[in-house]
Peer 1: 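Please find one structure pasted underneath; my questions will follow.
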Number of protein chains: 4
Amino acid sequence: MVRVAIIGASGYTGADSIEILLRHPQAEVTYLTALPQECGHLGQLFGQFKGRLDLDVVPLDLDVLADKADVVLCCLPHKVSMGFVPKLLAAGCKVVDFSADYRIKDVAVYEKYYQEHTDQANLKVAAYGLPELYREQIRHTNLVANPGCFPTTAALACAPVLARGLVKTDTVIVNSVTGVSGGGKNPNVLFHFPNMNENLFAYGMGVHRHMPEIEQVVSDVAGAPVNVIFQPHAGPFDRGILSTVYMEPKEEVSAKDLMALYEDFYANERFVQICAGSPHLKNVSRTNYCHIFPTVVKNRVVIFSAIDNLVKGASGQAIQNMNILFGLDESLGLL
Amino acid sequence: MVRVAIIGASGYTGADSIEILLRHPQAEVTYLTALPQECGHLGQLFGQFKGRLDLDVVPLDLDVLADKADVVLCCLPHKVSMGFVPKLLAAGCKVVDFSADYRIKDVAVYEKYYQEHTDQANLKVAAYGLPELYREQIRHTNLVANPGCFPTTAALACAPVLARGLVKTDTVIVNSVTGVSGGGKNPNVLFHFPNMNENLFAYGMGVHRHMPEIEQVVSDVAGAPVNVIFQPHAGPFDRGILSTVYMEPKEEVSAKDLMALYEDFYANERFVQICAGSPHLKNVSRTNYCHIFPTVVKNRVVIFSAIDNLVKGASGQAIQNMNILFGLDESLGLL
Amino acid sequence: MVRVAIIGASGYTGADSIEILLRHPQAEVTYLTALPQECGHLGQLFGQFKGRLDLDVVPLDLDVLADKADVVLCCLPHKVSMGFVPKLLAAGCKVVDFSADYRIKDVAVYEKYYQEHTDQANLKVAAYGLPELYREQIRHTNLVANPGCFPTTAALACAPVLARGLVKTDTVIVNSVTGVSGGGKNPNVLFHFPNMNENLFAYGMGVHRHMPEIEQVVSDVAGAPVNVIFQPHAGPFDRGILSTVYMEPKEEVSAKDLMALYEDFYANERFVQICAGSPHLKNVSRTNYCHIFPTVVKNRVVIFSAIDNLVKGASGQAIQNMNILFGLDESLGLL
Amino acid sequence: MVRVAIIGASGYTGADSIEILLRHPQAEVTYLTALPQECGHLGQLFGQFKGRLDLDVVPLDLDVLADKADVVLCCLPHKVSMGFVPKLLAAGCKVVDFSADYRIKDVAVYEKYYQEHTDQANLKVAAYGLPELYREQIRHTNLVANPGCFPTTAALACAPVLARGLVKTDTVIVNSVTGVSGGGKNPNVLFHFPNMNENLFAYGMGVHRHMPEIEQVVSDVAGAPVNVIFQPHAGPFDRGILSTVYMEPKEEVSAKDLMALYEDFYANERFVQICAGSPHLKNVSRTNYCHIFPTVVKNRVVIFSAIDNLVKGASGQAIQNMNILFGLDESLGLL
């Protein structure tokens with residue numbers, strides 16, 4: 001049994017991690033921590049766990065952690081995370097970190113979009129936790145930087161054509177719509193129900209922090225710098241991201257060839273399914289699957305890619321990574 | 001042209017009042033006030049008014065008010081309202097007050113559910129603004145206490161059978177479901193989109209302040225004290241209240257006779273429509289109409305009653321009352 | 001491994017059964033059937049299963065069934081079901097039947113609300129599949145009549161006070177709101193998104209078929225005939241039922257005593273949780289749990305009871321029953 | 001008083017037209033027609049009109065029409081419409097046609113995306129009813145082709161930069177999300193509430209009929225052929241379209257200059273408002289306004305444009321056109 005601690009367990013990604021681990025046959029949640037003001041019995045903090053898991057969420061104690069856990073799902077926010085991760089590793093735990101702190105390999109880029117990086121030593125050894133593209137690195141590390149939700153959809157959408165050099169790299173447009181859970185659990189004016197319900201809007205024009213993360217991954221896949229225009233929108237639903245990616249083919253390509261390429265590229269990837277038409281967000285909801293439909297519209301390759309932002313875009317992918325870290329079947333808990 | 005000021009214009013009832021008044025052929029919005037921190041150009045405070053009404057929302061100045069307005073829609077919260085209403089009346093304005101401060105005639109009851117009442121003089125002269133039951137009083141006052149949203153549905157549902165003495169008064173059960181706009185515009189945990197969406201829950205068990213208000217009105221109609229069990233719920237939609245009222249008939253009554261009674265009772269009331277089946281909340285949304293379906297289930301009379309909580313349950317009814325105060329066609333702006 | 005066939009697998013209860021069984025450690029789906037026009041590969045019929053379960057949905061062949069399955073989840077509609085169940089039993093399978101055909105013990109009542117009963121022999125031996133009340137009967141039968149969704153909420157809400165004789169039996173009012181999945185997968189005008197979204201309405205006044213089912217169960221618990229007024233409503237969400245039950249106490253009872261009674265009554269029932277305030281539908285969504293809050297409002301006992309209509313109200317409860325039939329831990333697949 | 005007939009009044013655009021006309025001070029609905037099987041009293045066909053407009057919807061009689069109406073809002077589907085429009089004009093009525101039959105000026109393009117065109121004579125004299133771009137033509141015709149909903153958002157978004165020649169014409173990407181009312185009132189599997197709720201998907205890849213319509217308008221504005229990649233999506237809300245348009249500037253342009261250009265271009269257009277950030281769909285809901293935010297992201301001009309698909313995208317724009325046809329203030333009924 002892999003013993004799992006969740007640090008920062010009081011948010012949505014903590015809750016979804018618990019939900020998945022409750023069904024994991026070879027892992028068990030042993031330790032849950034949060035800020036003191038967010039502590040209490042799990043069933044009181046999250047009504048959906050009442051009677052299902054009898055644990056208290058408590059303030060973090062590193063000694064207790066070292067004693068109770070083999071792996072930490074670190075659900076802390078950016079900046080806070082890199083203050084704790086070195087200690088978690090020092091306590092002898094493997095770590096899957098949900099923050100952006102270990103995702104961006106270029107410190108200058110990280111510091112432009114976030115803040116000063118204070119743990120560059122671990123940044124160097126961290127693996128980017130998108131198993132479909134970085135499985136080998138994940139296998140050989142103790143620290144996984146769990147990818148952002150938008151980058152997961154975008155990278156899986158672009159990888160096959162960029163890896164094969166079929167599209168131009170000067171402008172890849174990623175148009176995404178996310179559900180509201182992506183904004184976290186703290187109430188605010190934008191996500192007050194009577195404001196968000198029946199609404200849809202764009203945000204983060206030109207400045208969203210997932211833009212450089214997408215660029216890093218797809219450039220790595222392409223073997224050359226890729227310029228990404230990333231435009232997120234928020235829509236009136238709880239979960240899911242649908243990304244529509246527009247790319248310019250270097251030479252004419254048929255929808256049929258594209259389909260064959262995608263089916264081949266992901267033939268051995270259980271969690272990526274190639275669809276015959278647009279993915280439906282609802283079909284990936286509460287699953288760890290990414291549904292992709294590649295096609296051609298006139299002079300553009302258009303790829304549709306859908307995930308559940310809290311599962312394949314966060315907690316599910318983290319547990320997929322955890323399974324890899326421990327040499328388990330990658331899909332345990334995620335069927 | 002009736003010149004209308006809205007005091008406390010920064011909330012949902014203020015916005016809906018403006019929306020209705022924009023289409024009112026004999027009234028115009030001339031003055032909008034709010035707390036200093038909520039002031040600014042209307043089109044910035046409420047994006048839906050951009051380019052539609054070129055007014056600033058400003059802090060209240062009673063002299064300016066006296067100069068600019070014939071009537072005040074007072075959208076202030078309970079307790080705050082009775083601090084201002086005497087001044088608004090003194091400024092020579094008629095007042096439609098949205099708070100509960102002038103609704104409950106029995107000061108002891110008011111003080112039990114709210115707080116000390118500090119304007120009992122005006123409480124005595126205020127009319128309860130449910131035109132279908134109190135039109136004459138409204139015609140002859142300068143101060144209208146605009147009813148609560150739940151009491152509007154409940155009173156209109158119960159009035160015909162209670163007025164005729166057809167049902168027992170010891171226990172009337174009012175089970176209501178409201179949309180989220182009833183909770184106001186301030187973000188909170190309950191109404192954070194990912195919490196409220198796909199959710200439904202009850203609240204205010206035994207203590208909701210609309211319970212004594214309903215009892216006052218239906219007791220008045222019945223000519224005897226009526227005991228009301230009122231249970232509100234909140235559901236995942238913006239607008240509307242559906243109340244399902246269970247009453248015990250004194251003697252057996254047929255659904256057909258009940259239907260005839262309701263059609264007769266409201267024959268001259270434009271804004272109450274008797275339906276042949278359950279009201280649909282969506283059919284009353286953004287209208288000033290109340291849809292009612294009366295029927296019999298075994299040993300109970302069951303009445304279904306639906307309104308838009310922000311229109312017939314607040315701003316629309318206020319403007320209906322305003323029209324009466326000025327001797328205008330009651331439906332102006334409300335078609 | 002228990003081998004499970006699902007007959008009528010093309011509807012929502014079939015899909016939810018598959019979803020649960022995918023995570024069941026001691027059961028596997030081996031055979032899926034539907035009407036010929038609804039057959040095909042599972043991943044095409046239900047996009048959410050793409051890549052997750054490689055099975056075809058095929059027309060029923062009883063010989064194949066006998067060969068492949070130990071138990072049948074029979075998701076056929078009323079009337080159709082009792083035409084098949086005798087054959088399923090004859091084929092050597094245990095059966096959990098989702099229809100109403102084996103729920104109503106009084107044939108006259110069944111025939112009044114449904115149609116002629118053509119399998120009274122099996123009706124006699126069928127157990128009513130509400131484990132919290134009928135576990136022993138379920139243990140000793142091969143045929144379980146899986147309860148209706150509304151009756152599950154209502155029976156669990158009423159059982160403690162009726163079993164103890166604390167409330168009057170002449171009038172129990174059950175006011176329920178269900179999500180739209182309860183109406184099945186076939187498109188219709190009422191549930192067309194632009195009609196149902198932002199809507200709420202009542203239906204089935206006095207004639208809903210779950211009324212006699214509720215009466216049967218609560219009368220059985222009370223040891224005396226109970227008259228139930230059951231009023232369902234449909235609300236704009238996918239899943240869940242919240243029932244608000246109003247009962248008249250024989251003698252005054254405190255909220256505190258009521259709470260103690262409920263906690264005691266369900267102390268050993270994992271899937272019934274007693275809450276300290278109103279259940280939130282969202283907290284039981286996609287779980288097999290029933291959340292109950294009992295309280296007192298003036299002269300009425302009021303009980304709030306919430307389930308997911310497709311899980312504890314259908315597929316989850318069916319698998320709970322299946323686990324009992326096979327002597328497994330009742331919660332397998334349902335954590 | 002302009003007397004208005006609505007042909008094909010039983011759909012969503014008919015209902016919204018009635019809703020608007022009820023508040024129009026100089027127009028009245030005099031005649032409503034539909035297919036025989038969809039006729040009946042208006043308040044029964046659309047519950048929201050109960051008690052608000054006492055008219056029957058009847059089968060079309062051209063003699064009655066000629067007698068009762070000055071103008072026809074023709075809400076018939078494509079192909080059907082061009083069978084009736086010549087007769088409506090012959091009856092002496094002005095016509096605003098909601099179908100695509102008179103929108104596409106190039107018959108070959110029309111026939112490629114739709115079917116044979118059978119009324120080319122009227123096609124030649126019809127004005128494309130986007131007042132912000134074609135007001136003069138509308139003023140001098142009796143037949144207005146009311147634009148498609150997506151083309152309205154796209155054309156208003158692109159017009160300023162294309163008219164000024166600031167962006168390249170080889171590839172304009174229009175990514176749109178529409179509410180479900182755009183799919184009409186007939187129930188179908190895609191829009192069954194439990195399928196559409198919490199869902200989002202793309203459709204019409206490369207073949208949507210609004211693509212050539214957008215191309216016609218923006219090419220006309222640009223004075224040169226523009227290649228448009230148009231990709232629609234459907235989201236879980238009733239009303240509204242948000243289009244995100246990506247264009248490549250010929251030379252570098254600043255967000256500030258772009259903003260100035262848009263404010264200038266639409267300075268005299270009441271129904272187009274330039275916003276300081278992303279439009280919110282909810283702010284244009286049930287209004288005739290288009291909210292636009294133009295900006296620059298790296299090497300792309302990105303324009304966000306939002307309307308209510310049933311108002312500015314259909315019924316509201318039709319009444320704006322009707323007002324122009326009769327020399328009325330363009331905004332009557334639309335404030």
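Numbered from 1 within each chain, the chains take letters A, B, ... in sequence-line order. Remember, it's a predicted structure, so these values are computed and weren't measured experimentally.
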Peer 1: Find out whether A:I241 and A:F150 are in side-chain contact, i.e. whether some heavy atom of one side chain is under 4.5 Å from a heavy atom of the other.
Peer 2: yes
Peer 1: Decide yes or no for A:V172 and A:V218: does some side-chain heavy atom of the first lie under 4.5 Å from some side-chain heavy atom of the second?
Peer 2: no
Peer 1: At a cut-off of 3.5 Å, what donor and acceptor atoms pair up between chain A and chain D?
Peer 2:
unit_1 : atom_1 : unit_2 : atom_2 : d
A:T171 : OG1    : D:N299 : ND2    : 2.9
A:N175 : OD1    : D:Y246 : OH     : 2.6
A:P194 : O      : D:K282 : NZ     : 2.4
A:N197 : O      : D:K282 : NZ     : 2.7
A:E198 : OE1    : D:D238 : N      : 2.9
A:N199 : OD1    : D:L281 : N      : 3.0
A:N199 : OD1    : D:K282 : N      : 3.0
A:N199 : ND2    : D:H280 : ND1    : 3.0
A:L200 : O      : D:L281 : N      : 3.0
A:A202 : N      : D:S278 : OG     : 2.8
A:A202 : O      : D:S278 : OG     : 3.4
A:E215 : OE2    : D:K298 : NZ     : 2.4
A:N227 : OD1    : D:K298 : NZ     : 3.0
A:N227 : ND2    : D:N299 : OD1    : 3.2
A:V228 : O      : D:K298 : NZ     : 2.7
A:H233 : NE2    : D:T244 : OG1    : 2.8
A:D238 : N      : D:E198 : OE1    : 2.9
A:T244 : OG1    : D:H233 : NE2    : 2.8
A:Y246 : OH     : D:N175 : OD1    : 2.6
A:S278 : OG     : D:A202 : N      : 2.8
A:S278 : OG     : D:A202 : O      : 3.4
A:H280 : ND1    : D:N199 : ND2    : 3.0
A:L281 : N      : D:N199 : OD1    : 3.0
A:L281 : N      : D:L200 : O      : 3.1
A:K282 : N      : D:N199 : OD1    : 3.0
A:K282 : NZ     : D:P194 : O      : 2.4
A:K282 : NZ     : D:N197 : O      : 2.6
A:K298 : NZ     : D:E215 : OE2    : 2.5
A:K298 : NZ     : D:N227 : OD1    : 3.1
A:K298 : NZ     : D:V228 : O      : 2.7
A:N299 : OD1    : D:N227 : ND2    : 3.2
A:N299 : ND2    : D:T171 : OG1    : 2.9

Peer 1: Could you report the tightest heavy-atom contact between A:G235 and A:V180, atom names first, then the distance?
Peer 2: O-CG2, 3.4 Å
Peer 1: About how many Å separate CG of A:L156 and CZ of A:F265, when rounded to the nearest 0.5 Å?
Peer 2: 9.0 Å
Peer 1: Examine whether an atom of D:F230 lies under 4.5 Å from a heavy atom of chain A, and if so say whether it belongs to the side chain, the backbone or both; otherwise answer neither.
Peer 2: neither
Peer 1: To the nearest 0.5 Å, tell me how far A:M205 CE sits from A:I229 CD1.
Peer 2: 13.0 Å
Peer 1: So, do A:C158 and A:V245 sit near enough that their side-chain heavy atoms are less than 4.5 Å apart?
Peer 2: yes
Peer 1: On a heavy-atom basis, which atom in A:F49 and which in A:A15 lie closest, and how many Å separate them?
Peer 2: CZ-O, 3.3 Å
Peer 1: Check whether A:L190 gets within reach of chain D through its side chain, its backbone, both or neither, counting any heavy atom under 4.5 Å.
Peer 2: side chain
Peer 1: Less than 4.5 Å to any heavy atom of chain A: does that hold for the side chain of D:P236, its backbone, both, or neither?
Peer 2: both
Peer 1: Any side-chain heavy atom of A:L281 sitting closer than 4.5 Å to one from D:F201?
Peer 2: no
Peer 1: With respect to chain D, which residue among A:L242, A:V302, A:L200 yields the maximal number of heavy-atom pairs within a distance under 4.5 Å?
Peer 2: A:L200
Peer 1: Find the one option among A:V296, A:V297, A:V284 whose heavy-atom pairs under 4.5 Å with chain D are most numerous.
Peer 2: A:V297
